[in-house]
Engineer: 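Structure provided below as structure tokens; questions to follow.
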2 protein chains.
Amino acid sequence: MKRKDFGCGPGCPVEVTLDLIDGKWKGVILFHLQDGTCRFGELKRKMPRITQRMLTKQLRALEEDGLVIRKVYPEVPPRVEYTLSEMGERLRPVIDVLKAWGEDHRARQVADAA
Amino acid sequence: MKRKDFGCGPGCPVEVTLDLIDGKWKGVILFHLQDGTCRFGELKRKMPRITQRMLTKQLRALEEDGLVIRKVYPEVPPRVEYTLSEMGERLRPVIDVLKAWGEDHRARQVADAA
DNA sequence: CCCAATAGTATCCATTCGTGTACTATATCC
DNA sequence: GGATATAGTACACGAATGGATACTATTGGG
């Protein structure tokens, strides 16, 4: 929740949504959580290039914004699970269309380079 | 075009798309350009809270990324028009779903506050 | 002359973002 | 003891972002 006021003009809702999912790795994290609950280490393995630091940071931010639920089990070694909240679940069509567009875009770039 | 490499895992296309539209005001700008070609001043009036500086900056970035076409007319006073490129046009479903989600989200927040 | 219209540019600055590096805590096993 | 598993935290730093402020350039009108 970074950017505050847009004067709530007609395009405002676009930025409201972007404001929640904007941030490196957030989109990918949400994408992976769509497949179901994940533990920290699972997520990390799904995204080989992400640092522990960034994964923690973005997960906490997503939790803070209400998109993700973080469940801590009183276990050792630590066991923490991350799940899409109801609000996060409602982002499914958003993530899907972003993914589709990105794939299409990439395919076109490859075709243009040839 | 800020964030570079995601190792191109399965969620990568989501971030590719976000990378192009991320940035304060970009979403709103793209939304307004969906209605058709706009001049600088027109856009500025549609978004009362944006500074000239930010409008210029984001328009230039969108142009740089190929989402927007900037057409300069050899006139005085200056006349510059901004139009969605073909690539930008293909973002329509993305902007639409972001808007829909943001509106839904806002409505829920209002309901929750009551 | 000044003001208006248009679409900027130049410079600067505070804040945020993404990341690197090192360290933490617990229990268990060799 | 050291190593492993898990999921972090603490501190620091450079780059990027968003914005403020002032100025620019042209033509035309009062």
Side-chain angles (χ1 to χ4, degrees), chain A residues 1-7 11-12 14-16 18-29 32-33 37-65 68-83, chain B residues 1-7 12 15-16 18-29 32-33 37-65 68-83:
Chain A
M1 200 68 79
K2 297 165 303 182
R3 303 175 288 213
K4 295 285 179 68
D5 197 21
F6 290 89
C12 173
V14 179
E15 292 282 337
V16 165
L18 282 173
D19 209 28
L20 286 171
I21 61 177
D22 156 51
K24 191 174 182 183
W25 302 110
K26 280 189 185 173
V28 191
I29 290 168
H32 286 301
L33 287 179
T37 299
C38 276
R39 292 176 65 177
F40 187 90
E42 281 179 81
L43 281 169
K44 195 160 186 305
R45 282 187 292 276
K46 287 173 190 282
M47 301 174 275
R49 297 290 188 93
I50 196 169
T51 63
Q52 188 167 300
R53 175 116 186 65
M54 284 310 297
L55 183 52
T56 302
K57 187 169 178 292
Q58 302 299 49
L59 279 169
R60 289 307 179 93
L62 290 168
E63 182 196 6
E64 174 77 22
D65 288 342
V68 164
I69 294 169
R70 176 171 172 271
K71 185 170 181 180
V72 184
Y73 291 77
E75 289 178 26
V76 172
R79 180 181 178 192
V80 182
E81 293 183 347
Y82 296 88
T83 311
Chain B
M1 199 68 79
K2 299 167 304 184
R3 302 176 289 214
K4 296 286 181 68
D5 194 21
F6 290 89
C12 172
E15 291 282 335
V16 165
L18 281 173
D19 208 28
L20 285 173
I21 61 178
D22 157 50
K24 192 174 181 183
W25 301 111
K26 280 189 186 174
V28 191
I29 290 170
H32 286 302
L33 287 178
T37 299
C38 276
R39 293 177 64 177
F40 187 90
E42 281 180 78
L43 280 169
K44 195 161 185 304
R45 281 187 293 276
K46 286 174 189 283
M47 301 173 276
R49 297 289 187 96
I50 196 169
T51 63
Q52 188 166 299
R53 174 119 184 66
M54 286 311 298
L55 183 52
T56 300
K57 186 167 178 294
Q58 301 300 48
L59 279 170
R60 289 307 179 94
L62 289 168
E63 183 197 6
E64 174 77 22
D65 287 341
V68 165
I69 294 169
R70 177 171 171 271
K71 184 170 183 181
V72 184
Y73 290 79
E75 288 178 27
V76 172
R79 180 180 177 194
V80 182
E81 293 183 346
Y82 296 88
T83 312

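Every chain is numbered from 1 and lettered A, B, ... according to where its sequence line falls, protein lines coming before strand lines.
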Engineer: When we call it a touch if two heavy atoms are under 4.0 Å apart, what does B/Y82 touch: a base, just sugar-phosphate, or nothing?
Structural biologist: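 It contacts sugar-phosphate atoms only.
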Engineer: Whole Å only: how far is the NZ atom of B/K24 from the P atom of D/dA20?
Structural biologist: 9 Å
Engineer: How does each nucleotide of nucleotides 20-30 of chain C score, in 5' to 3' order, for protein heavy atoms under 4.0 Å: base (B), sugar-phosphate only (S), or none (-)?
Structural biologist: BB----BS---
Engineer: Could you tell me how far apart B/R49 (CZ) and D/dA20 (C1') are, to the nearest whole angstrom?
Structural biologist: 16 Å
Engineer: From NZ of B/K57 over to P of D/dA20, roughly how many Å is that when rounded to an integer?
Structural biologist: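 Atom-to-atom, B/K57 to D/dA20, this comes out as 13 Å.
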Engineer: Within the 4.5 Å heavy-atom criterion, are B/T83 and B/V68 side-chain neighbours or not?
Structural biologist: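 B/T83 does not reach B/V68 side chain to side chain.
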Engineer: Please confirm whether the shortest side-chain N or O distance from B/Q58 to OP1 or OP2 of D/dT17 is below 4.0 Å.
Structural biologist: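 So the side chain of B/Q58 is outside the cut-off, no N or O lying under 4.0 Å from OP1 or OP2 of D/dT17.
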Engineer: For the atom pair CD (B/E64) and CG (B/L20), what is the distance rounded to the nearest 0.5 Å?
Structural biologist: 11.5 Å
Engineer: Expressed as a whole number of angstroms, how long is the span from B/L43:CG to C/dA7:P?
Structural biologist: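 Going from B/L43 (CG) to C/dA7 (P), I get 9 Å.
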Engineer: Just list the side-chain donor-acceptor pairs under 3.5 Å for residues 38-46 of chain A, sequence neighbours left out, or say none.
Structural biologist:
from  : atom 1 : to    : atom 2 : distance (Å)
A/R39 : NH2    : A/P78 : O      : 3.4
A/E42 : OE2    : A/R39 : N      : 3.0

Engineer: Is the phosphate of D/dT17 approached by B/W25 (side-chain N or O, under 4.0 Å from OP1 or OP2)?
Structural biologist: no
Engineer: Should we say atom CD of B/E75 is surrounded by more than 12 heavy atoms from elsewhere, each under 6.0 Å from it?
Structural biologist: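 Yes, the 6.0 Å shell around CD holds more than 12 heavy atoms from other groups.
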Engineer: Atom CZ of B/R45 and atom C1' of C/dT6: how far apart are they, to the nearest Å?
Structural biologist: 10 Å
Engineer: What's the CD-P distance between A/E81 and D/dT6, to the nearest Å?
Structural biologist: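 Whole-Å distance recorded here is 14 Å.
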Engineer: Using whole Å, what does the distance between atom P of nucleotide D/dT17 and atom CG of A/D22 come to?
Structural biologist: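 Rounded to whole Å, this separation is 10 Å.
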Engineer: Can you tell which of D/dG19, C/dT6, D/dT9 lies closest to the side chain of B/R39?
Structural biologist: C/dT6
Engineer: Would you check if the side chain of A/E15 reaches a backbone N or O of B/W25 as a donor-acceptor pair within less than 3.5 Å?
Structural biologist: yes
Engineer: I want to check something: taking the side chain as every heavy atom from C-beta on, are B/L18 and A/D22 in contact at a cut-off of under 4.5 Å?
Structural biologist: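 Answer no - side chains too far apart.
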Engineer: In Å, rounded to the nearest 0.5 Å, how long is the span from CD1 of B/I50 to NZ of B/K57?
Structural biologist: 10.5 Å
Engineer: Between C1' on D/dC11 and CE on A/M54, what's the gap in Å once rounded to a whole number?
Structural biologist: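 Spelled out: CE on A/M54 to C1' on D/dC11 is 16 Å.
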